[in-house]
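Below is one structure, written out as C-alpha cells; the observations come after it.
All chains are named by letter (A, B, ...) in the order of the sequence lines, taking the proteins before the strands, and each is independently numbered beginning at 1. If you're wondering where the values come from, they're calculated on a predicted model, not measured in any experiment.
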There are 2 protein chains.
Amino acid sequence: MYSIGDLSRRTGVKIPTIRYYEQMGLIDAPERSEGNQRRYEKRELERLAFIRHARDLGLSIDAIRDLLALSEHPERPCGEADRIATEHLASVRERIARLRKLESELERIVACHGDHTIGDCYVIRALADHSMCESEH
Amino acid sequence: MYSIGDLSRRTGVKIPTIRYYEQMGLIDAPERSEGNQRRYEKRELERLAFIRHARDLGLSIDAIRDLLALSEHPERPCGEADRIATEHLASVRERIARLRKLESELERIVACHGDHTIGDCYVIRALADHSMCESEH
DNA sequence: CTAAACACTCCAGCGACTATAGATATGTGG
DNA sequence: CCACATATCTATAGTCGCTGGAGTGTTTAG
C-alpha cells in the first residue's frame, strides 16, 4: 500500500498531477484510508510509470488513454498501438523539421553580435521585414 | 485606414488574436470609428507583421514586448536585442536535441509493425518498462 | 500525546490563443 | 433610402497539461 506521496516519489509524478490524472480518467480512483486518503497498490504504481513514460515521450493524454485501454486487451492485435506511436513519431519529426528552419533563421538573425545600435540592428530589421527570410514560414 | 478584418487578412493574424495582443499591450488601442470599431493605420499594420513574424519564430509574448520597446529607441545599443535572440536560439537548439532523443526512442518502439497482439507488442512493453530505453529522459 | 509531515478538496492561474453568444455597425444592391 | 448581408463589438468560457495556494483534516515518529 502506497500513499500518494510514495507514488509520487517512486514515479517522479507530482502529487497534484496524480490527482489530475485520476480526474482525467487515466487512473482509477483508488481505495481510501479511514481518514479518506488515497491508498495505492503496485498495479497503480506500474500504470502511473507507464503514463509518465508516455508523457515524457510527448504523447497526449488522449493517446495515452487509448494505449492504456489497449493494454487491457492483450489478446487483440496491436495495429492500433502501432498506429498511435507511428503517428506520434511523424509529428515529432515534423516538429524537428520546423525547429531546424527556425534555428537557421535565428542563426542568421543573431549574427548581429550586439556591437551597434538598435537603428541598424539586424535582429530588429529581420523581424520587421519578412522578405529577409531564407525560407517562407 | 484598416478595419480589424483588413489587418487580419493582410497579416494572417486572426481577429480575436489581434484583440488579444491589444489586451496584452503588444499593440496600442487604436482609434475607433463613430460606431466604436477599431481603425488602424499603416504603422500598426507593420507592428503587427513584426509580432507575427516573431511569433512564427517562436518568441514569447514577453520577449516580443521587449523587442518592440527596444525598437522604439533606435539610438541605443542593440546588445539587448541580440541577447533575446541568442537566448531564444539556445532554447530552440535544446528543444531540437530533446526531440531528436524522442525520435530515436520512438523509432525503436515503432519497429513492432503491428503484426501481432497487444500481449507481446513492443509499443506497449516499451512504455511499461523504462529500462528498455537507450538513454534516460 | 504532541508536533511534524502529510493529504484532503476546491479553486485559480499559466501561455497563447480560440470560440461562443448576443448585440451593434457598416457597406452594398435595388 | 432601405433592407440585408457581412463585419465587428464586448464579455466570457474553453483549450492543454499541469501547478500552486488556502484552509482543513489525518497519519506517524518520538
* What's the NZ-C1' distance between B/Lys14 and D/dT8, to the nearest Å? -> 17 Å
* To do: Salt-bridge test for B/Arg52 and B/Asp56: reply yes if a basic N is under 4.0 Å from a carboxylate O, no otherwise.
  => yes
* Is a salt bridge present between B/Arg98 and B/Glu94, judged by a nitrogen-to-oxygen distance below 4.0 Å? -> no
* 5' priority, DNA chain C, between B/Ser60 and B/Glu34 [closest heavy atom] -> B/Ser60
* With heavy atoms under 4.0 Å as the rule, sort B/Arg19 into base, sugar-phosphate or nothing. => base
* Roughly, in whole Å, what's the span from CD in A/Glu22 to C1' in C/dC8? -> 12 Å
* Asked: For A/Leu59 and B/Gly5, take the nucleotide of DNA chain D holding the closest heavy atom to each; which residue's nucleotide lies nearer the 5' end?
  -> B/Gly5
* From C/dT26, D/dT10, C/dT9, pick the nucleotide closest to the side chain of A/Arg32? -> C/dT9
* Asked: On DNA chain D, nearest-nucleotide positions of A/Asn36 versus B/Asn36: which is more 5'?
  -> B/Asn36
* Structure fact -> Separation of D/dT10 atom C1' from B/Gln37 atom CD, nearest Å, is 12 Å
* Using a cut-off of less than 4.0 Å, is there contact between a side-chain N or O of B/Arg38 and OP1 or OP2 of D/dC9? -> yes
* Asked: Counting only side-chain N and O atoms of B/Arg65, is one of them less than 4.0 Å from OP1 or OP2 of C/dA16?
  -> no
* **Check: B/Ile96 main-chain N/O paired with A/Arg95 side-chain donor or acceptor under 3.5 Å** => no
* Asked: Does the side chain of A/Thr17 get closer than 4.0 angstrom to OP1 or OP2 of D/dG17 through an N or O atom?
  -> no
* In whole angstrom, what separates B/Gln23's CD from D/dT10's P? -> 10 Å
* To do: May I have the distance from B/Leu26 (atom CG) to C/dG15 (atom P), rounded to whole angstrom?
  => 13 Å
* Ion pair B/Arg83/B/Glu80, N-O distance below 4.0 Å -> yes
* Please report, rounded to the nearest Å, how far the P atom of D/dG20 is from the CD1 atom of A/Ile18. => 14 Å
* Side chain A/Arg55, main chain A/Leu59, donor-acceptor under 3.5 Å -> yes
* Should A/Tyr20 be listed as having a side-chain N or O under 4.0 Å from OP1 or OP2 of D/dC16? -> no
* 5'-most by nearest nucleotide on DNA chain C - B/Ser33 or A/Arg9 -> A/Arg9
* To do: State whether B/Glu31 and B/Arg38 are salt-bridged, where the test is any N-O pair (Lys NZ or Arg NE/NH1/NH2 against Asp/Glu carboxylate O) under 4.0 Å.
  => no
* Please work out if A/Arg55 contacts a base, only the sugar-phosphate, or nothing of the nucleic acid, heavy-atom cut-off 4.0 Å. => sugar-phosphate
* Asked: Expressed in angstrom and rounded to an integer, what is the separation of B/Arg39 atom CZ from D/dC9 atom P?
  -> 8 Å
* **Side-chain N or O of B/Ser3 closer than 4.0 Å to phosphate OP1/OP2 of D/dT8** => yes
* Asked: Would you say C/dC17 has OP1 or OP2 under 4.0 Å from some side-chain N or O of B/Tyr21?
  -> yes
* **Nearest-angstrom distance from the residue atom OH of A/Tyr2 to P of C/dC6** => 18 Å
